[in-house]
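The next block holds one structure in the form of structure tokens; read it before the comments.
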Amino acid sequence: MVSDVSGYTGSLSHVTFKLYNTATHGIETFKPLREGQVSIYHCGMTVQSSPHLGHIRKEVVFDVLRRWLECSGYRVTVVANVTDIDDKILAKSAAAGTPWWAHAYHYENELHAAYKALGCRPPTYEPRATGHIPEMIELVKTLIEKGHAYPAPDGSGDVYFDVRSWPRYGELSGIRVDEMSPAEDSDPRGKRDPRDFALWKGHKEDEPETASWVSPWGRGRPGWHLECSAMSGKYLGEAFDIHGGGIDLRFPHHENELAQSAAAGRPFAHYWMHNAWVTMSGEKMSKSLGNTAQVSEVTKTYSPRAVRYFLLAPHYRSMIEFSPSDEGTMGSLDEATKAIERIDSFLDRASNLVGEQVTASHELSEAFVTAMDDDLGTPQAVAALFSQITEGNKSVSIGDAEATRHHLSQVKAMLAVFGLDPQAPEWADVAGSDDRLEPVVDGLVHAMLEQRAEARARKDWATADAIRDTLTNLGLTIEDTPAGAHWSLS
Ligand SMILES: Nc1ncnc2c1ncn2[C@@H]1O[C@H](COP(=O)(O)OP(=O)(O)OP(=O)(O)O)[C@@H](O)[C@H]1O
Ligand SMILES: [Zn+2]
């Protein structure tokens, strides 16, 4: 038995988690490589610009997976990389006149702020690509020795994976080599076959010297696919349990990761898990298409818990269409806001009736467990949450404190799995979490200001000054204007 952050204590003897494996196109019973432990690698962001709702959906999905596995009794290790060197980072930083590493670090910080804002726990390890160049060079060397990679003969310093040398190529995506288009990742002139992809990219004169590293093939930098194989191997070993990312990564990125790892003799990932996209008007939310909603913008208007709910309530393999709210029409996040209000209203009413702190239940309802064990079935798990809330509200209405306590502890356990418990530490210092207090403070201050106005009207200066002093000592500034008194924080 292992206790997790929610206080729920899962028991491995009951674990019947099933997961859709992209590699086999089927739902499989999850069996970890090491008893009681799960290792997860999911591909992180290329830190070239601000994170949008699509990027953060992946973080939320894998955060919920981690919470559910912990809740079931596993010890979970999560690795998510940061790609801090690539063509787009170099191009954008050059255009902005900023060093590439400053550009990457700026957006890495934005990524951290975004996943913290949405209540996602940071990965156990979060390696940066540029911190793992020796591991990448070793992997390329092994692939050359085994006859699966070759340095370009044109002196460019590029090294390519030889796709035709690896008969298993295409096993993850089902794409046959003969049907593939040429890899778009570099100058095709040095390639044996246009479909070969770059493992290592030789330094180009127009790129900064600091964006290249010494290698047996001359100065250069790693190709994107290589990074993840090297970093997952370092932190999780040659075989690990779950490899994840957005569905767009299945090909070519994950196919290439798998090919270069397996060709180097590594068993690599056992399960491949891909989340579907956040879309706008049916198209993938993407920087290159310009149809993005940035996390920092969206959370200015909506509570971060509503945004998190919006991203986790649909099944992770279903697309989520994001529609901004227009005059007269409800946007997607308005509906999520209503759901959060319903949850919070129950939490408030139930806590008031019970009158004491209630902890999360150690036994989750069967409906909820069955839903989550079935390929992380959040839509059914959310339905189980709301039926618990409906029952809980009924018990509040008839003043049944005992039944209310039961429903409340169930709801709290489910909210912990979703990362939506408003009292959990991750929401303590998040902007917007205390929004609901503002109208309350405003109401109280105005009530006191009215009493002060009444005291002044009857020329009771001592009382009026005493009220003013109390407010000032609380750190408020009071301004008397023709329209009445106004307050602000000093
Ligand atoms: N619209 C989206 N919906 C769901 N996941 C997404 C979306 N966009 C990116 N991701 C996922 O976010 C992670 C980081 O992606 P990456 O930095 O490569 O962004 P990207 O796909 O190039 O995005 P963009 O097209 O906006 O540049 C990947 O796992 C990717 O699949
Ligand atoms: Zn990757």
Side-chain angles (χ1 to χ4, degrees), residues 19 21-25 33 39-46 58 62 77-87 123 125-144 146 148-149 158-177 180-181 183-186 195-201 221-275:
L19 186 64
N21 187 352
T22 316
T24 59
H25 309 285
L33 287 164
S39 44
I40 302 173
Y41 183 97
H42 55 91
C43 297
M45 207 179 135
T46 301
K58 196 250 324 175
F62 284 89
T77 305
V78 178
V79 177
N81 65 296
V82 171
T83 297
D84 59 345
I85 184 83
D86 101 324
D87 294 351
Y125 308 110
E126 195 179 33
R128 289 188 195 136
T130 54
H132 298 77
I133 304 292
E135 289 86 349
M136 296 176 202
I137 290 176
E138 280 310 307
L139 183 53
V140 178
K141 278 201 223 159
T142 306
L143 288 168
I144 294 176
K146 288 182 179 276
H148 296 300
D158 293 347
V159 181
Y160 295 107
F161 184 86
D162 186 346
V163 166
R164 294 214 170 259
S165 78
W166 187 242
R168 282 169 53 187
Y169 193 82
E171 64 187 306
L172 178 64
S173 57
I175 292 176
R176 291 182 35 211
V177 177
M180 274 171 61
S181 333
E184 288 173 356
D185 54 10
S186 44
R195 287 156 287 209
D196 293 348
F197 60 88
L199 296 167
W200 186 260
K201 297 182 172 191
R221 60 187 168 91
W224 175 36
H225 315 302
L226 181 72
E227 300 171 4
C228 292
S229 292
M231 290 187 277
S232 59
K234 173 161 180 177
Y235 294 95
L236 298 176
E238 296 195 347
F240 57 95
D241 292 308
I242 301 173
H243 194 318
I247 190 68
D248 51 313
L249 299 192
R250 185 178 44 177
F251 186 86
H253 183 56
H254 285 164
E255 189 70 62
N256 293 353
E257 274 189 42
L258 175 59
Q260 69 211 355
S261 302
R266 303 177 179 184
F268 212 49
H270 273 203
Y271 302 87
W272 290 84
M273 178 176 167
H274 292 105
N275 62 273

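We count residues from 1, following the sequence as given.
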Should Phe197 and Pro252 count as side-chain neighbours, where that means a heavy-atom distance under 4.5 Å?
-> no
Distance in Å, Trp272 CH2 paired with Thr24 OG1, rounded so as to fall on 0.5 Å steps = 12.5 Å
Is the backbone N or O of His225 less than 3.5 Å from a side-chain atom of Gln260, with the two atoms forming a donor-acceptor pair by type?
-> yes
Just how far is it from atom CG of Leu226 to atom CZ of Phe161, taken to the nearest 0.5 Å?
-> 11.0 Å
Heavy-atom pair with the smallest gap, counting every atom of Tyr235 and Pro127 = CE1-CB, 3.6 Å
Heavy-atom pair of closest approach, residues Ser232 and Ser229 = OG-O, 3.3 Å
Tell me, which pairs form a salt bridge (Lys or Arg N to Asp or Glu O under 4.0 Å) where one or both residues lie in residues 238-258, sequence neighbours left out?
-> Asp248-Lys284
Sub-4.5 Å side-chain heavy-atom contact between His253 and Cys43 | yes
d(Ser261 OG, Asn256 CG) to nearest 0.5 Å is 10.0 Å
In this structure, CG of Leu172 is separated from CG of Leu249 (nearest 0.5 Å) by 10.5 Å
Please round to the nearest 0.5 Å and tell me the distance separating atom OG1 of Thr130 and atom CG of Asp84.
-> 3.5 Å
Is a side-chain N or O of Asp86 found less than 3.5 angstrom from the main chain of Trp224, in a donor-acceptor match?
-> no
Between Phe240 and Phe268, is any pair of side-chain heavy atoms under 4.5 Å apart?
-> yes
Give a yes or no on whether a salt bridge exists between Arg221 and Asp87, defined as a side-chain N under 4.0 angstrom from a carboxylate O.
-> yes
Test item: Arg195 and Tyr169 side chains (from C-beta on) under 4.5 Å apart, heavy atoms = no
Donor-acceptor pairs are to be reported for all side-chain atoms of residues 133-141 against protein atoms at under 3.5 Å, with residues two or more places apart or in another chain.
residue	atom	partner	partner atom	Å
Glu135	OE2	Lys234	NZ	3.0
Glu138	OE2	Lys141	NZ	3.3

Given the options His270, His243, His254, Tyr41 meets ring-ring contact (aromatic ring centres under 6.0 Å, His included) only with His243
Note, Val78 side chain near Phe62 side chain (heavy atom, < 4.5 Å) = no
Find out whether Met231 and Val79 are in side-chain contact, i.e. whether some heavy atom of one side chain is under 4.5 Å from a heavy atom of the other.
-> no
What heavy-atom pair brings Val159 and Ala149 nearest, and what distance separates the two atoms?
-> CG1-CB, 4.4 Å
Measuring from Tyr271:OH to Asn21:CG, what's the distance to the nearest 0.5 Å?
-> 7.5 Å
Verify, without hydrogens or angle tests, whether Asn81 (side chain) and Gly44 (backbone) share a donor-acceptor contact under 3.5 angstrom.
-> yes
Please say whether more than 12 non-hydrogen atoms of neighbouring residues, nucleotides or ligands are located less than 6.0 Å from OH in Tyr125.
-> no
